[in-house]
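What follows is a set of notes on a single structure, which appears directly below.
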Amino acid sequence: MDKFYFLGECMVELRATEPSTMKQAFAGDVYNSAVYMKRSFPAIEAGMLTAIGKDGLSEKMLAEFKQEGLDCRFVFQHQEKSPGLYLIETDNTGERHFTYWRNDSAARKVMDFISPETTSLFTAGDSLFFSGISIAVLEESGRERLWKLLSELKTRGVKLIFDPNYRARLWSSPQQAASAFMRALELADIALPGVEDLTALFDIQTAEAAIAFCRPFNLAEVVIKNGPHSVVTSDNGQIEHHQITPVKEVVDTTSAGDAFNGVYLGARANGAPISDAVQLAARAAGTVIQHPGAIIPLEPFKSAMKSAGL
Ligand code: ADP
């Protein structure tokens, strides 16, 4: 069975529940995808490629990775650094506000831990999933090493999967992000961008324009997400539109795209055709947005997936 590794940062999440009370969880785009893939397809080996610390919260995070069934062979523990942290506050109008403390996180240093031995543990047929956030959080020197690693893995037959996930505040300029995304798309085998991620940088407004934007790259599979609107896919140039059933009671859209990615890739690895994989992924994302937080409790997720035919 294929192995999937998710490169990026998992953070400590704090959510104000009442005045002076906070609920603590762990989340981060690629981590969310790994969790939802593994929950949906337990037979697939899914793991994180990241750095955490040796502090108490890092140990708790590692325990959660293991509890979710994730492979931790590439979870490195930095001697001095600790995980990034973010706080979610909801104002009187229901609008959510995010504050981040991640500039000095262990995950920024993950490339320091990657040795030729690490690279040699990947084999043809494995997949490495990374996002625009995975690139953005790395130190400058780490980014250079990332491009080298990706090229080496590609040569070894590892499938590279990329979601741009554009977060303007993580980049020093839009141009810097745009050029990194172009480089990532040149290396990737599969891309799963959201329309919104391409709007600010490339003035792309529709899923069709996103498909056209991706055409010059050598991507075998492209999946364009667009909130409650149709998902548009390109399978070696063959375009398909997939209807999504909009969710009426949206509670929190955090990690909709991440859940979609994890379940879509899991379904494809499990042999599902693209149209079935999109429907299953949309069902997962549609379930996640009816609950608060990035990682929803196991039971409602499992039962939604069961009623979707898993
Ligand atoms: P991101 O979280 O990356 O911004 P999107 O907002 O495009 O991604 O959403 C990802 C997927 O989540 C969509 O393709 C769709 O399947 C699902 N989704 C998002 N919003 C809704 C909604 N209001 N109703 C139903 N499904 C939704």
Side-chain angles (χ1 to χ4, degrees), residues 6 8 13 27-37 40 86 88 94 96 98 129-136 161-170 177 181 184 190-202 204-211 213-214 221-234 239-268 272 274-296 300-301 304-305 307-310:
F6 293 80
E13 179 191 270
D29 67 338
V30 299
Y31 171 65
N32 307 336
S33 297
V35 166
Y36 290 120
M37 172 186 279
S40 305
Y86 72 104
I88 311 169
R96 286 172 308 137
F98 296 84
F129 179 93
F130 67 111
S131 74
I133 299 175
S134 319
I135 309 171
I161 308 170
F162 178 61
D163 179 346
N165 255 345
Y166 179 51
R167 300 290 182 272
R169 69 172 115 187
L170 293 179
F181 289 1
I190 302 175
L192 302 113
V195 172
E196 262 182 28
D197 294 321
L198 304 177
T199 307
L201 294 180
F202 305 107
I204 281 160
Q205 314 285 346
T206 62
E208 289 71 20
I211 288 278
F213 171 79
C214 290
E221 211 165 303
V222 179
V223 182
I224 310 290
K225 295 162 286 172
N226 195 10
H229 309 291
S230 299
V231 168
V232 183
T233 54
S234 169
I239 315 269
E240 224 182 314
H241 287 69
H242 312 261
Q243 293 303 318
I244 298 299
T245 311
V247 166
K248 287 190 195 88
E249 305 254 320
V250 176
V251 174
D252 179 356
T253 57
T254 306
S255 86
D258 308 332
F260 185 102
N261 292 345
V263 174
Y264 176 85
L265 295 167
R268 293 288 288 145
I274 287 183
S275 55
D276 292 357
V278 168
Q279 288 312 325
L280 201 60
R283 187 66 179 272
T287 304
V288 166
I289 63 180
Q290 293 178 60
H291 298 266
I295 304 289
I296 71 165
F301 184 77
M305 290 291 94
S307 63
L310 259 197

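For ligands, and for the atoms within them, numbers begin at 1 and follow the listed sequence.
Taking every heavy atom of N226 and a limit of under 4.0 angstrom, the matching atoms of ligand 1 come to 7 (O). For ligand 1, the atoms sitting less than 4.0 Å from at least one non-hydrogen atom of P246 are 24 (N), 25 (C), numbered in the order shown with element in parentheses. Ligand-side atoms of ligand 1 in range of V250: 23 (N), range being under 4.0 angstrom from any heavy atom. Ligand 1 places these atoms under 4.0 Å from at least one heavy atom of V231: 14 (O). The P228 neighbourhood of ligand 1 comprises atoms 20 (N), 21 (C), 22 (C), 23 (N), 24 (N), with distances under 4.0 Å to a heavy atom of that residue. Close contacts of ligand 1 with A282, meaning ligand atoms under 4.0 Å from a residue heavy atom, involve 16 (O). Contact atoms of ligand 1 toward G257: 1 (P), 2 (O), 3 (O), 8 (O), 10 (C) (distance under 4.0 Å to a heavy atom of the residue).
Between G194 and ligand 1 there is no heavy-atom distance shorter than 4.0 Å. Distances shorter than 4.0 angstrom occur between a heavy atom of T245 and an atom of ligand 1.
Nearest to atom 5 (P) of ligand 1 among the protein's heavy atoms is G227 N, 3.6 Å.
Each of I274, L280, D276 was scored for a side chain to side chain contact (heavy atoms under 4.5 Å, CB included) with R268, with one residue passing: I274.
Ring geometry, Y166 versus F181: the interplanar angle exceeds 60°, so the pair is classed perpendicular (tilted spans 30 to 60°).
Taking distance alone, with nitrogen or oxygen atoms compared against 3.5 Å, I244 stays at or beyond that limit from ligand 1.
Within a 4.0 Å radius of atom 12 (O) of ligand 1, the protein contributes one or more non-hydrogen atoms.
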> Yes or no on side-chain contact (heavy atoms from CB on, under 4.5 Å) for H229 and I244, after CA distance, side-chain angles and deciding distance?
Replying inline: CA-CA 6 Å; H229 309 291; I244 298 299; over 6 Å; no
